[in-house]
Amino acid sequence: MAKKEKDNLPKTVEEESMEQSSTITYATEVVAIIAGLAAAEVEGIAGMCNVSGGILGKNKNITKGVKVEVGTEEVSCDLYVTIEYGQPMQKVASEAQEGVRKAIEAMTGLHVVRVDVHVQGVSFEKENDAISAGMKHAVAPGEEPVKLEDKPAEVNDGAEDKAAKTAEAAEEAPAQE
């Protein structure tokens, strides 16, 4: 009977207190990386901006523009972003908030109390790329477009120069109405 009584006894006090007080903590940089990657996936976010007093380290490019405060059970996050020109800012910011919240909660189990998005600028990069791409392919009225990619580089036969001259002529020509 002594053996049965011993089996029914509770575990030692040290073991019980150890199970109850065990915790998982996350480095601020880990949560910032999660937030930065989630924000970068949102369509319309052109990039992140510097945060004064931002997180430094080998992952600084990922965490650039992200500031987080991590508590024992909660996280708050600030995103400093640049939005692509032409994108609805409110929609992009809301999608960033939701994406970051979901990513942090799914990966850490911490409750995200807030995600503040600070729009620091507007990027015209895609629009400028589209304009310059359009100018590269401009042709004068009545001429055939020249496709350089179809010809090997050594057999270019001056098509590149012809395309450049055609684009210049198109720019200088008066607009026809």
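In this chain, numbering begins with 1 at the start of the sequence shown.
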Colleague: At their closest point, which heavy atom of Glu43 faces which heavy atom of Glu95, and how far apart are they?
Modeller: O-OE1, 4.3 Å

Colleague: Can you name the closest pair of heavy atoms from Cys77 and Val100 and give their distance?
Modeller: SG-CG1, 4.2 Å

Colleague: Within the distance-only criterion (no hydrogens, no angle test), does the side chain of Tyr80 pair as donor or acceptor with the backbone N or O of Val66 below 3.5 angstrom?
Modeller: no

Colleague: Indicate yes or no: at least one non-hydrogen side-chain atom of Val81 is less than 4.5 angstrom from one of His118.
Modeller: no

Colleague: Locate the shortest heavy-atom distance separating Ala38 from Gly99; write the atom from each residue and the value.
Modeller: CB-O, 3.8 Å

Colleague: Just verifying a value: how many Å separate Ile104 CD1 and Ser76 OG, rounded to the nearest 0.5 Å?
Modeller: 9.0 Å

Colleague: Once you round to the nearest 0.5 Å, how far does CD of Gln120 lie from CE of Met48?
Modeller: 10.0 Å

Colleague: Taking the side chain as every heavy atom from C-beta outward, state whether Thr72 and Thr23 have any atom pair closer than 4.5 Å.
Modeller: no

Colleague: Once you round to the nearest 0.5 Å, how far does CD1 of Ile33 lie from CE of Met107?
Modeller: 9.5 Å

Colleague: Between Thr28 and Glu69, does the side-chain contact (heavy atoms from CB on, under 4.5 Å) criterion hold? Intermediate values first, please.
Modeller: CA-CA 7 Å; Thr28 303; Glu69 294 178 22; over 6 Å; no

Colleague: Mark yes or no for whether Glu105, through its side chain, and Val112, through its backbone, hold a donor-acceptor pair below 3.5 Å.
Modeller: yes

Colleague: Under 4.5 Å between any side-chain heavy atoms of Cys49 and Thr82, yes or no?
Modeller: yes

Colleague: Any heavy-atom pair between the side chains of Val75 and His111 that's under 4.5 Å?
Modeller: no

Colleague: Please find the pair of heavy atoms, one from Val117 and one from Ala93, that lie closest to each other, and give the distance.
Modeller: CG2-O, 3.8 Å

Colleague: Roughly how far apart are Gln97 CD and Arg101 CZ, rounded to 0.5 Å?
Modeller: 10.0 Å

Colleague: For the OG1 atom of Thr63 and the CD1 atom of Ile34, what is their distance to the nearest 0.5 Å?
Modeller: 12.0 Å

Colleague: If you look at every heavy atom in Tyr26 and Val70, which pair is closest and at what distance?
Modeller: O-CG1, 4.1 Å

Colleague: Is there a path from Ile83 to Tyr85 through hydrophobic residues (I, L, V, M, F, W, Y) whose side chains come within less than 4.5 Å of each other?
Modeller: yes

Colleague: Check whether Val113 and Val68 end up in the same hydrophobic cluster, where Ile, Leu, Val, Met, Phe, Trp and Tyr are linked by side-chain heavy atoms less than 4.5 Å apart.
Modeller: no

Colleague: What is the distance from atom CD of Glu84 to atom CE of Met89, rounded to the nearest 0.5 Å?
Modeller: 11.0 Å

